[in-house]
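A short write-up of the structure that comes next.
Just so it is clear, the structure is predicted and the values come from calculations on it, not from any experiment.
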Amino acid sequence: MMSELTPELYVTNLNESLAFYCGLLGFEIEYERPEDSFAFLKLGAVSLMLEEPVGRTWITATLEPPFGRGVNFQIMVENVEKVYAKCLQSEAKILVPLEHRSY
């Protein structure tokens with residue numbers, strides 16, 4: 001089942017990104033197109049697309065790392081403390097410590 005909103009994120013290295021999202025965070029590859037450096041991921045009701053910007057793209061300006069500046073995502077998971085602990089144990093860069101906020 002497709003989520004009602006599925007962001008597609010450009011990445012500099014699809015394999016490294018899959019190691020993070022799938023290996024560390026627990027997403028699963030729903031389908032992929034290796035020839036396009038593309039993968040569609042799922043974690044529960046959350047879906048996410050990752051793509052290296054090669055071939056056909058929607059780039060409207062210079063694409064400079066870090067990608068995704070100015071965007072924030074809320075992703076609902078079963079056990080956020082467990083996911084956060086995995087991130088702390090890895091080499092993932094944590095910009096803001098886990099906190100509870102109401103919006």
Side-chain angles (χ1 to χ4, degrees):
M1 178 176 167
M2 184 79 118
S3 296
E4 292 188 26
L5 174 65
T6 304
E8 183 171 353
L9 306 175
Y10 285 137
V11 298
T12 54
N13 184 305
L14 182 60
N15 289 330
E16 287 179 9
S17 296
L18 290 174
F20 176 76
Y21 283 98
C22 297
L24 184 63
L25 300 184
F27 279 81
E28 294 181 3
I29 297 174
E30 189 81 4
Y31 66 88
E32 57 187 324
R33 293 190 311 268
E35 68 278 8
D36 294 325
S37 297
F38 172 89
F40 185 96
L41 310 180
K42 295 278 287 178
L43 176 63
V46 176
S47 60
L48 179 67
M49 295 182 285
L50 301 177
E51 177 182 6
E52 285 184 35
V54 296
R56 189 180 124 214
T57 65
W58 303 103
I59 299 172
T60 59
T62 303
L63 191 59
E64 299 174 2
F67 301 162
R69 287 173 278 169
V71 67
N72 207 346
F73 295 101
Q74 175 175 298
I75 300 174
M76 304 297 287
V77 296
E78 294 264 334
N79 186 335
V80 70
E81 288 83 9
K82 182 177 178 181
V83 173
Y84 185 64
K86 285 182 181 181
C87 290
L88 289 175
Q89 292 170 357
S90 76
E91 295 181 21
K93 183 176 180 180
I94 306 295
L95 299 178
V96 177
L98 184 63
E99 61 186 3
H100 177 76
R101 303 286 279 195
S102 296
Y103 297 94

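- Partners of Tyr21 according to the ring-ring contact (aromatic ring centres under 6.0 Å, His included) rule, which considers only residues two or more places apart in sequence or in another chain, are Phe27.
- Here Ser37 contributes atom OG and Tyr10 contributes atom OH; the two are 12.0 Å apart, rounded to the nearest 0.5 Å.
- The two atoms that bring Ser47 and Pro7 nearest to each other are O-CD, 3.7 Å, heavy atoms only.
- Atom NZ in Lys42 sits 14.5 Å away from atom CD1 in Ile29 (nearest 0.5 Å).
- Summarising the geometry of Leu14 relative to Phe38, their closest heavy-atom pair is CD2-N, 3.6 Å, with the distance given to 0.1 Å.
- We find the CE-CD distance between Met49 and Glu30 to be 12.5 Å, quoted to the nearest 0.5 Å.
- Inter-residue side-chain proximity for Phe20 and Val11 is flagged as unmet; no heavy-atom pair is nearer than 4.5 Å.
- Closest of all the heavy-atom pairs between Leu18 and Ala39 is CD2-CB, 3.9 Å.
- Note: the hydrophobic cluster containing Leu88 also contains Val77 (ILVMFWY, side chain heavy atoms under 4.5 Å, direct or indirect links).
- The hydrophobic clustering, which links ILVMFWY residues whose side-chain heavy atoms are closer than 4.5 Å, places Leu48 and Met76 apart.
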* Asked: Given Phe67 and Thr12, is the side chain to side chain contact (heavy atoms under 4.5 Å, CB included) satisfied, shown in steps?
  -> CA-CA 8 Å; Phe67 301 162; Thr12 54; 3.5 Å; yes
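- Put simply, Val83 and Val46 are part of the same group of oily side chains (I, L, V, M, F, W, Y) that touch within less than 4.5 Å, one to the next.
- Dense packing is recorded around CD of Glu8, with more than 12 heavy atoms of other residues, nucleotides or ligands lying under 6.0 Å away.
- The environment of Glu91 atom CD is sparse: at most 12 non-hydrogen atoms of other residues, nucleotides or ligands sit within 6.0 angstrom.
- No chain of hydrophobic side-chain contacts below 4.5 Å, direct or via other Ile, Leu, Val, Met, Phe, Trp or Tyr residues, connects Leu43 to Tyr31.
- Across all their heavy atoms, Asn79 and Lys82 have their closest contact at OD1-N, 3.0 Å.
- The cluster map of Ile, Leu, Val, Met, Phe, Trp and Tyr, joined by side-chain heavy atoms under 4.5 Å apart, puts Leu5 and Leu50 in different clusters.
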